[in-house]
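The structure appears right after this line, and notes come after that.
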Amino acid sequence: MKNLNTYPISELKLIYSLLHNQVLEQPALMDSELLHDLQSYLQSQASQDNVDVSAHAEWAAWLAN
């Protein structure tokens, strides 16, 4: 099994965005450890890019980029 850091960041952003957009329709995703780990990993990467992940607009823009 590969670690998250071995995948292209663009692929991780896409998968995270797709899963996150389904949270309301698939409430089980709220308890998903994988989704939480993916979010944590992406937030750490965004922080390294000087993105304030607590600012929704900055976080969303970084994910979309």
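Both backbone and side-chain heavy atoms feed into the values below; hydrogens, waters and symmetry mates do not.
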May I ask you to decide if Tyr7's main-chain N or O and Lys2's side chain share a donor-acceptor pair within less than 3.5 Å?
no
[X]: side chain to side chain donor-acceptor pair (under 3.5 Å) partners, not counting sequence neighbours:
| X | value |
| --- | --- |
| Trp62 | Asp49 |
| Tyr16 | Gln39 |
| Asp31 | none |
| Thr6 | none |

Atom pair [atom1] ([X]) and [atom2] ([Y]), whose distance is rounded to the nearest 0.5 Å:
| X | Y | atom1 | atom2 | answer |
| --- | --- | --- | --- | --- |
| Ser10 | Asn65 | OG | CG | 10.5 Å |
| Leu38 | Lys13 | CG | NZ | 12.0 Å |
| Leu14 | Ile9 | CG | CD1 | 12.0 Å |
| Ser40 | Glu33 | OG | CD | 11.0 Å |

Show your working on side-chain contact (heavy atoms from CB on, under 4.5 Å) between Trp59 and Leu63 and close with a plain yes or no.
CA-CA 6 Å; Trp59 168 240; Leu63 284 172; 3.5 Å; yes
For Leu29 and Leu35, work out which heavy atoms get closest and say how close.
O-CD2, 3.7 Å
Looking only at heavy atoms, what is the nearest atom pair of Met30 and Val23, with distance?
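For Met30 versus Val23, the nearest heavy atoms are SD-CG1, 3.1 Å.
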Just wondering, are more than 12 heavy atoms of other shown residues or ligands nearer than 6.0 Å to CG in Leu18?
yes
Could I get the full list of ring pair (Phe, Tyr, Trp, His ring centres under 6.0 Å) partners for His36, not counting sequence neighbours?
none
Could you name each residue pair satisfying side-chain hydrogen bond (donor to acceptor under 3.5 Å, both in side chains) that touches residues 17-27, not counting sequence neighbours?
none
